[in-house]
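Below is one structure; the comments refer to it alone.
Just so you know, ligand 1 is whichever comes first in the structure, and atom 1 is the first atom listed for that ligand. What you see below is based on every heavy atom in this structure, not just the backbone, and it leaves out hydrogens, waters and symmetry mates.
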Amino acid sequence: MGLAVKTPTTKLFIDGKFIESKTTEWIDIHNPATNEVVSRVPKATASEMEAAVASCKKAFWNWSETSILSRQQIFLRYQQLIKENLKEISKLITFEQGKTLADAEGDVFRGLQVVEHACSVTSLILGETMPSITKDMDTYTYRLPLGVCAGIAPFNFPAMIPLWMFPMAMVCGNTFLMKPSERVPGALMFLAKLFQDAGAPDGTLNIIHGQHEAVNFICDHPDIRAISFVGSNQAGEYIYERGSRNGKRVQANMGAKNHGVVMPDANKENTLNQLVGAAFGAAGQRCMALSTAILVGEAQKWLPELVERAKNLRVNAGDQPGADLGPLISPQARERVCSLIEKGVKEGASLLLDGRNVKVKGYENGNFVGPTILAKVKPNMTCYKEEIFGPVLVVLEADTLDEAIEMVNNNPYGNGTAIFTTNGATARKYSHLVDVGQVGVNVPIPVPLPMFSFTGSRASFRGDTNFYGKQGVQFYTQLKTIISQWKEEDATIAKPAVVMPTMGN
Ligand code: NAD
């Protein structure tokens, strides 16, 4: 117990205060490179969670009535504070999540871009108007906040994904309850402190921690109007159904199996580098990782070179110089990835590169898996059907573009895909016919900037409106339509009446 007492604890953020939970249930947070316990996160008690929602609810009226220019100013200060602290936040991410420092900086940077975009709220949130729908009658709409909104985040982007959620919601005038992933709460806690420093009033953002009970609490609480979720299909489908049943808006970004289709006319050098980077970067723990390659025709001959390039990647703890990929999040994740590789082999795939026995000097207890390539994979194999979420590239073959398109469209997921080609017509045909929400043409990870939206589709998304961009504003607002008639004859007489009033004559 002596050791446990010394372990730092993650605080709750309730009503503007960082407070220690009174819970008896704690979850250990491990550094994935060493598996040492670095912190403990509480499963917030029912009364703490109630206090967090009550605080959001209490803060809502003032916040929603605050001039939009004042809210914009807070976010302008916030984006500057994130920039100034980017390196510190990144270190926290590497410490708890394991990704390389360079990649952690990318994590913060992509979230920062959403905060910067939130600063353009004054143009984004405009309503519509139509004058003179009949004599002296006009119609106009306001985009108004919903009230208390909530976000449930995954472990793989500890900064970016919370930043997809609360800034857009709050700049629109909502107050927000965040539940970060219980495995990586540190970055969000830091971001919350910066948000407070930027001038966010107490209670506008509250943070609770926990697992299923916290999720159920959010899905069921009558004062929560909307839920943004990012994570696995298992959790996302459940949250979508439970939250929707309770009358809430829910948007859920979920799992993926992203295909990179390589045409024989592609720029080989570029394509192989892009494939390797996008398959193994972040140890494959990205929802937009290019985890599946379809080599078309002659491009199949490039496989040995692909393997050579993958071999050159350096596996190491994320804070070590020169690391290309770090560890997986947990020993369980590592075991799962290894067993999916094993299943692939058993089901007939050829293991061209096996990262299961990688040794990282000084980090022998870390959850490392090196780049792994399974070739001759067929669509009925488990390693193709399941999202692996590790540094494993599964390679399929197709004779023609049409065959590749059919494969991609038969896969249930629709998050991202890329085509590598030097032929514009091939690229256009692919982009047009493929049923996937985000398509890269010679771009391996086509994550849109926040002036667009993140448009995953099919099994990768549930809901009607996507994250950030115009769709994000729509998700976090509702329209009020006002039809008003001001009769011309009632207009106030412009000139002051200087003559004696004659009482109606
Ligand atoms: P996860 O679903 O395990 O966890 C996400 C959140 O849901 C966490 O806050 C967790 O506490 C909660 N949760 C977990 N299991 C739950 C359950 N059974 N019921 C209710 N709540 C539950 O996801 P993860 O492992 O943290 O993240 C990896 C997954 O997220 C991958 O599938 C990845 O593709 C997906 N992801 C998708 C996107 C996207 O934009 N499409 C982005 C990032 C990650």
Side-chain angles (χ1 to χ4, degrees), residues 10 27 29 32 41-44 96-99 107 110-111 114 150-165 177-185 187-188 207-220 227-243 250-258 282-292 328-330 332-334 336-337 340 367 386-390 412-417 436-438 445-448 450 453-463 466-469 471-472:
T10 309
I27 307 159
I29 298 175
V41 66
K43 289 189 188 176
E96 289 184 349
Q97 200 276 352
K99 64 175 75 176
D107 186 333
R110 293 304 300 251
V114 180
I152 301 168
F155 80 84
N156 65 332
F157 283 97
M160 178 183 82
I161 289 177
L163 290 173
W164 282 3
M165 298 173 174
L177 178 71
M178 263 312 303
K179 191 206 88 63
S181 165
E182 63 279 17
R183 304 192 243 195
V184 294
L188 175 65
I207 301 175
I208 58 170
H209 301 292
Q211 291 172 315
H212 299 63
E213 269 173 58
V215 166
N216 287 342
F217 172 86
I218 290 172
C219 291
D220 295 346
I227 304 172
S228 295
F229 169 83
V230 178
S232 66
N233 279 67
Q234 193 195 7
E237 288 168 17
Y238 170 80
I239 290 167
Y240 183 81
E241 272 156 37
R242 188 159 174 159
V250 186
Q251 52 175 194
N253 265 8
M254 301 180 291
K257 201 80 184 171
N258 308 309
Q285 296 180 121
R286 288 183 186 135
C287 66
M288 287 290 277
L290 210 54
S291 56
T292 309
L328 294 172
I329 185 72
S330 63
Q332 295 75 19
R334 187 182 182 282
R336 186 177 165 273
V337 168
L340 281 166
N367 312 314
E386 285 194 25
E387 182 184 38
I388 301 180
F389 225 56
Y413 292 109
N415 212 33
T417 184
V436 176
Q438 307 176 96
I445 305 190
V447 176
S453 300
F454 189 101
T455 52
S457 75
R458 295 196 283 143
S460 299
F461 179 70
R462 282 214 184 165
N466 296 113
F467 279 79
Y468 63 76
Q471 298 238 330

(message) According to side-chain contact (heavy atoms from CB on, under 4.5 Å), who are the partners of Phe461, at least two apart in sequence or on a separate chain?
(response) Gln251, Asn253, Asn466

Pick from [options]: the one approaching [atom] most closely through a non-hydrogen atom:
atom: atom 17 (C) of ligand 1; options: His209, His212, Arg286, Arg242; value: His212
atom: atom 12 (C) of ligand 1; options: Asn233, Val230, Val215, Asn466; value: Val215
atom: atom 39 (C) of ligand 1; options: Cys287, Pro180, Gly231, Gly151; value: Cys287
atom: atom 11 (O) of ligand 1; options: Arg183, Met178, Glu182; value: Glu182
atom: atom 22 (C) of ligand 1; options: Ala235, Gly437, Cys219; value: Ala235
atom: atom 28 (C) of ligand 1; options: Tyr413, Phe389, Phe454, Tyr238; value: Phe389

So is there a nitrogen or oxygen of [X] less than 3.5 Å from a nitrogen or oxygen in ligand 1?
X: Gln234; result: no
X: Trp164; result: no
X: Phe229; result: no
X: Gln211; result: no
X: Asn156; result: no
X: Ile152; result: no
X: Ser460; result: no
X: Ile161; result: no

(request) Look at atom 31 (C) of ligand 1 and say which protein heavy atom is nearest, naming residue and atom and giving the distance to 0.1 Å. (result) Glu387 OE1, 3.4 Å

(request) Give the residue and atom name of whichever protein heavy atom lies nearest to atom 2 (O) of ligand 1, and the separation in Å to one decimal. (result) Ser232 OG, 2.5 Å

(request) Search all heavy atoms of Ala214 against all heavy atoms of His209 and return the closest pair with its distance. (result) CB-O, 4.2 Å

(request) Identify the heavy atoms of Ala256 and Asn415 that sit nearest to each other, and give their distance. (result)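 Between these two residues, the closest heavy atoms are CB-CB, 3.5 Å.
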
(message) Would Lys99 and Phe157 count as a cation-pi pair here, with the cationic atom under 6.0 angstrom from the ring centre and within 45° of the axis?
(response)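 Here Lys99 passes the 6.0 Å and 45° test against Phe157.
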
(request) May I have the step-by-step check of side chain to side chain donor-acceptor pair (under 3.5 Å) for Asn233 and Tyr240, ending in yes or no? (result) CA-CA 10 Å; Asn233 279 67; Tyr240 183 81; over 6 Å; no

Under-4.0 Å heavy-atom contact with ligand 1, by part of [X] that carries it:
X: Ile329; value: neither
X: Met288; value: neither
X: Asn216; value: neither
X: Asn253; value: both
X: Ala214; value: neither
X: Gln285; value: neither

(message) So does Gln211 get a backbone contact from the side chain of Lys43, meaning a donor-acceptor N/O pair under 3.5 Å?
(response) no

(message) Would you say atom 4 (O) of ligand 1 makes contact with the protein, given that contact here means a non-hydrogen protein atom less than 4.0 Å away?
(response)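 False for atom 4 (O) of ligand 1.
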
(request) Side-chain contact test, heavy atoms from C-beta onward, threshold under 4.5 Å: evaluate it for Pro446 versus Met288 and give yes or no. (result) yes

(request) For Gly456 and ligand 1, answer yes if some heavy atom of the residue is under 4.0 Å from a ligand atom, otherwise no. (result) no

